[in-house]
2 protein chains.
Amino acid sequence: MDAVQDEAAGKRARGLDRAFEILDFLRQKRQALKPNEIAAQIGAPRSSVYELVNLLLSNGILEFTGGDGRVYLGRKLYFLGAAYENHFDFTRECEAALEQLADETRETAQFCMLDGNRYTVVRMREGARPFRISTDVGQSVPIPWTASGRLLVAHLSDQEILNFIPPQDFRLPGGEWLDPQTFIAEVRQAEREGLFTFNSIVDSFTHCFAVPVRGEEGHAAATLCLVTPRDDGIANRDRYLDCLRKAAAGLEHAPARPKRG
Amino acid sequence: MDAVQDEAAGKRARGLDRAFEILDFLRQKRQALKPNEIAAQIGAPRSSVYELVNLLLSNGILEFTGGDGRVYLGRKLYFLGAAYENHFDFTRECEAALEQLADETRETAQFCMLDGNRYTVVRMREGARPFRISTDVGQSVPIPWTASGRLLVAHLSDQEILNFIPPQDFRLPGGEWLDPQTFIAEVRQAEREGLFTFNSIVDSFTHCFAVPVRGEEGHAAATLCLVTPRDDGIANRDRYLDCLRKAAAGLEHAPARPKRG
DNA sequence: CATCAATGTCCAATATAATGTACATATGAT
DNA sequence: ATCATATGTACATTATATTGGACATTGATG
């Protein structure tokens, strides 16, 4: 992911950066891996990875699991993540908003945020349809692939957006390239309207709705989304958008509120 | 916490260790702090802390929050923690067990684990009494202060226990010292009986019950506890222990189960 | 005003961390 | 048996990360 800084060949990577590269890689893979596999797949020197993995193991950041010396994210990370969640206590309100959306629309509802320079589904409530439409929670995805992506970068200038999004993320899953200028135009449109909807680029049968959840600084700290079958989405467009806006209003300013104090 | 390795004076700390020391410190404090304050309070060189904090900020591990350049744990940690929780999916069963305990006993019920070489309450359900007895979730506490602590180290040898627990953690909150040999005797007793109960050392009015939740390796991966007023605890001892054992049985082998094979 | 403490930035020195390489072992294919 | 691949360990080299200390700024206090 951050292999961008390979600009100057033969440059050493900093331990901290490599360490978090390893952690992020394990998160993406969602499975325990051997140090050797990690090294090969992230393109890092084996000796460095072994050294870092051992350090992380001794700190409880990684844990042995799955046997054969495989490692995965450790309990310490759970504790740290829980502390974050506790501090910016958005979980309760978030679940309530998703619940409400699911009740009112019977569609799949998602709460999404940026994960660095990519997009991720933080929490999800599946719809009540016989055939559910769902996504992997916690996987990060290129920003341009998603409706929410248009909203989440809207506070940046055009140039900042281009700097922020990795160039290869404009390549869509099918292989075609999305013109960055087209993307930026959609971002500005989303910004003006305070919403974005489209027929999903990542498949051929869903329609996506996204509205911003604004944080203290006034820009989209997160989004609430609905993922629906195309027909239903287009048929219920106005009602669904109303539901989303209502739910988002209930969340505003919640994400940044500290627990006590 | 890990200031133990100050053994050789004038030794440089490794960036990774220092970084996680900072993260852990923020978790303990449960509030945003300025880099300068962090440096002063953990006894690290200011220049090092500034450097590391900036690195962690640029990785999303820390975030500016609270103004005045204060930093706290970042969103990335939440994502990593969520991935851990997802992999070792104990949350659902855990909540169910606590719910059940709360229903049956009306007392405060806790799910506890080791956090490195200390003890921490991972999840809690408050009792239904007019005056609730509760603890801070996520604070780490010396192992010898808790009933659970006797169970969580029972798989170690006597010597390993002494090496594992920081010596100063045998000092009780009142200032008195707990004899390590007494502690070890209690550990062995807890191991034999598969439970530990006592009048809490940290206050004068509670009685604590703890039973192990055994993981795949057969030793206590976690504990379930009840914290009760002393009278009630002693009066209902047998019933409460039955409830705990039943709830723990429902959790066994759950903590280590990966989500998808 | 003078002084002190708190805060952040900058920089050179050197202890050491990241790396490449060699080595050891196991496993499976040819 | 021979070779190739996957995996882990050990170590010397050198690029650099950690650190101490100088410096600048701000705000509070006497």
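Computed over heavy atoms, backbone and side chain alike; hydrogens, waters and symmetry mates excluded. Per chain, numbering begins at 1; letters A, B, ... match sequence-line order.
The aromatic rings of B:F20 and A:F20 lie tilted to each other, with the angle between the two planes from 30° to 60°. Using the six-membered ring where Trp is involved, B:Y78 and A:Y84 have ring planes that are tilted, between 30° and 60° apart.
Checking each of B:V213, B:L152, B:V211 against B:T223 for a side-chain contact (heavy atoms from CB on, under 4.5 Å) leaves exactly one that passes, namely B:L152.
A salt bridge links B:R14 with A:E51: the distance from a Lys NZ or Arg NE/NH1/NH2 to an Asp or Glu carboxylate oxygen falls below 4.0 Å. Ion pairing between a basic and an acidic side chain is recognised when a charged N comes within 4.0 Å of a carboxylate O; B:D24 and B:R27 show such pairing.
A:L33 has its CG atom 16 Å from the C1' atom of D:dG8, to the nearest Å. C:dG8 atom P lies 10 Å from atom CD1 of B:I38, rounded to whole Å. Regarding A:N36, its CG atom lies at a distance of 17 Å from the P atom of C:dT25, rounded to whole Å. Rounded to whole angstrom, the span from the NZ atom of B:K34 across to the P atom of C:dA5 amounts to 17 Å. If you measure from atom CD of A:E37 to atom P of D:dA6, you get 10 Å, rounded to the nearest angstrom.
The main-chain N or O of B:Y50 is found under 3.5 Å from a side-chain atom of B:N54 such that the two form a donor-acceptor pair.
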Letter per nucleotide, 5' to 3', of nucleotides 17-24 of chain D [B base touched, S only sugar-phosphate touched, - untouched; heavy atoms, 4.0 Å]: BBBBBB--
